[in-house]
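As structure tokens, the structure follows; a few thoughts come after it.
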Amino acid sequence: MKEIIILGSTGSIGKQTLDIVREYPEMFCVVGMSCNSNVELFNKQIAEFKPKYVYVHDKVARSKCELYGSKMLGSSEELVSIPQGQIVVTAMVGISGLIPTIVAINNGKDIALANKETLVTGGDIVMPLAKQKGVNIFPVDSEHSAIWQCSEYGRAKDIKGLILTASGGAFRGRSQAELLKVTAKDALKHPTWNMGAKVTIDSSTLMNKGLEIIEAKHLFNMPVEKIEVVIHKQSIIHSLVTYNDNSVIAEMSYPDMRLPIQLALSYPSKIGTKLPELDLTEVAQLTFEKPDMNVFPCLGIAKECAKLGGLYPTLMNGANEIAVDAFLKNKIGFYDINDIISKVVCKGESCSEITLDSIIQADKMAREVAKQLIKC
């Protein structure tokens, strides 16, 4: 029986993780859960899964939490420090996942990583720490899980490059003129995946692919120049690995996040599933195209920050989180997102040493500058 801690159990990844626990009660049990503020759903989850420990970030929501015998802890960091739990599913959104992940690693717990921003901002710290502590980091993003599988669970040595696939989001094929008029409501209409609001907006700007490039760089120790992005609207091929002999291996399935989550939880085994078997005759056609970085400049910004390294990805990420939130609240337009990120990144400078403190300070500065730009 594998004991699981879920950070962000009421979000999309958290709910799908609980689907897997529900399907395999003989294999998995939840010993700890956290949420931000959706206490109504959280109470139902506590009643069903009966974790020993819980945490609610929002103080008002916390006062409405029904414990059903669970113990309320004081922070996510305390939750991942409990003696129980072999693996932590980091399903939190944004940089808020960084410190709990570091604490979990220091406590010897494996990580099922669904929080891109942890490696985008702290990859230079997190990956060496995991190696030092003998902790596994299992990728949960469908793209990185695909690469992980196609590279013999990250062990292959003769890899030439990585190819990340992208659905193209809600605005695939649109022109710059068309995107000047779009709203957050338009951007949230993802054609393939059912995700949270922030991730869905990142998909519409292609920033999610930029974040994934940086994540892949750290997960697979791959130079940015060897990581490619292609638009694949069917979302059947979840990513590919090119080997030195120019052969390419792909991982394919219908789009469903429960597959990569399940693999992260069950590794090294591949257990059965009730999800449908892929029927290629039904899919019929697989198409690929290059992303248009003139129409979607966030991808280009992210690639440049990935190359620069240091604190540039942290500045980019912090600015993006603030800009996306403003876009969701209809305070700014679609192209204001990349404008704000560009202006914040331009204030960056090279850094000889990356520390947790320098990451936190860079993130704070990026958010402050982004907020000032939004008010202008």
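Keep in mind it's a predicted model, so treat the numbers as computed, not measured.
Using a 4.5 Å cut-off on side-chain heavy atoms (C-beta onward), S253 and H238 make contact. Counting heavy atoms from C-beta on, the side chains of S145 and Q149 come closer than 4.5 Å. Residues I95 and E321 have side chains in contact (heavy-atom distance under 4.5 Å, counting atoms from C-beta outward). Using a 4.5 Å cut-off on side-chain heavy atoms (C-beta onward), E48 and R22 make contact. Put simply, the side chain of I111 does not reach to within 4.5 Å of the side chain of F138, judged on heavy atoms. Counting only heavy atoms from C-beta outward, the side chains of M316 and V120 approach each other to under 4.5 Å. Taking 4.5 Å as the limit, some side-chain heavy atom of C65 sits within range of a side-chain heavy atom of F42. Here the side chains of P128 and K131 are not in contact, with every heavy-atom distance at 4.5 Å or above.
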Apply side-chain contact (heavy atoms from CB on, under 4.5 Å) to the pair L162 and E228, showing each step before the final yes or no. CA-CA 6 Å; L162 311 177; E228 182 184 354; over 6 Å; no
Could you go through T314 and N317, starting from their C-alpha distance and side-chain angles, then the distance that decides it, and tell me whether this counts as side-chain hydrogen bond (donor to acceptor under 3.5 Å, both in side chains)? CA-CA 5 Å; T314 298; N317 181 75; over 6 Å; no
Set out, in order, the CA-CA distance, both residues' side-chain angles and the distance that settles salt bridge (Lys or Arg N to Asp or Glu O under 4.0 Å) for K109 and E3, then state yes or no. CA-CA 10 Å; K109 300 185 190 299; E3 297 176 341; over 6 Å; no
Between K15 and D19, does the salt bridge (Lys or Arg N to Asp or Glu O under 4.0 Å) criterion hold? Intermediate values first, please. CA-CA 6 Å; K15 289 187 288 186; D19 284 343; over 6 Å; no
Determine, stepwise, if the pair I231 / R172 fulfils side-chain contact (heavy atoms from CB on, under 4.5 Å). CA-CA 9 Å; I231 306 297; R172 182 183 54 81; 3.6 Å; yes
Applying salt bridge (Lys or Arg N to Asp or Glu O under 4.0 Å), run through K371 and E368 and close with a yes or a no. CA-CA 5 Å; K371 288 176 182 177; E368 290 174 351; over 6 Å; no
Worked check of side-chain contact (heavy atoms from CB on, under 4.5 Å) between I337 and I201: CA-CA 10 Å; I337 296 174; I201 299 301; 4.3 Å; yes
Assess the residue pair K52 and K71 against the criterion (side-chain contact (heavy atoms from CB on, under 4.5 Å)); give the C-alpha distance rounded to whole Å, side-chain angles, the decisive distance to 0.1 Å, and a yes or no. CA-CA 6 Å; K52 292 183 180 180; K71 181 179 179 181; over 6 Å; no
Assess whether salt bridge (Lys or Arg N to Asp or Glu O under 4.0 Å) is satisfied between K343 and D339, documenting all intermediate values. CA-CA 6 Å; K343 289 174 181 176; D339 286 342; 6.0 Å; no
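Enclosure of atom NZ in K198 by more than 12 non-hydrogen atoms of other residues, nucleotides or ligands within 6.0 angstrom is indicated. Crowding of N221 atom CG: a count of heavy atoms from other residues, nucleotides or ligands under 6.0 Å not exceeding 12. Environment of NE2 in H190: crowded, with over 12 heavy atoms of neighbouring residues, nucleotides or ligands closer than 6.0 Å. Annotation: E277, atom CD; neighbour count of heavy atoms from other residues, nucleotides and ligands within 6.0 Å does not exceed 12. Atom CD of E40 is surrounded by 12 or fewer heavy atoms from other residues, nucleotides or ligands within 6.0 Å.
By the 4.0 Å N-to-carboxylate-O rule, R155 lies too far from E152 to be salt-bridged with it. A salt bridge is defined here as a Lys NZ or Arg NE, NH1 or NH2 lying under 4.0 Å from an Asp or Glu carboxylate O, and D58 with R62 fails to meet this definition.
One distance of note links CG of L299 with CG of N338; it measures 11.5 Å at 0.5 Å rounding. Here the straight-line distance linking atom SG of C35 with atom CD1 of I46 works out to 7.5 Å at 0.5 Å rounding. Separation of atoms CE (M222) and OG (S151) is listed at 8.5 Å; rounding is to 0.5 Å. Here the CE atom belonging to M207 is positioned 3.5 Å from the CD1 atom belonging to I341, to the nearest 0.5 angstrom. D256 CG to Q16 CD: the interatomic distance, rounded to the nearest 0.5 Å, is 6.0 Å. For the atom pair CD1 of I147 and OG of S142, the computed distance is 10.0 Å after rounding to the nearest 0.5 Å.
Residues forming a ring-ring contact (aromatic ring centres under 6.0 Å, His included) with Y153 (at least two apart in sequence, or on another chain): W148, Y267. Scored by the side chain to side chain donor-acceptor pair (under 3.5 Å) test, T355 finds S358 as partners (sequence neighbours excluded). Scored by the ring-ring contact (aromatic ring centres under 6.0 Å, His included) test, H144 finds no partners at all (sequence neighbours excluded).
No continuous path of hydrophobic side-chain contacts links F327 to V93 [ILVMFWY only; heavy atoms under 4.5 Å]. In the hydrophobic clustering of ILVMFWY residues, with side-chain heavy atoms under 4.5 Å counting as a link, L259 and M257 come out apart. Transitive grouping of hydrophobic side chains (ILVMFWY, heavy atoms separated by less than 4.5 Å) brings I159 and I249 into a common cluster. Hydrophobic cluster membership is shared by M72 and Y68, with clusters built from Ile, Leu, Val, Met, Phe, Trp and Tyr side chains linked at under 4.5 angstrom.
For the 3.5 Å distance criterion, the side chains of E282 and Y254 qualify, holding a donor opposite an acceptor. With hydrogens and angles left out, the side-chain atoms of N115 and T118 include a donor and acceptor closer than 3.5 Å.
Taking the six-membered ring for Trp, F296 and F171 have ring centres at least 6.0 Å apart.
Residues V21 and F28 share a closest heavy-atom pair of CG1-O, 3.8 Å.
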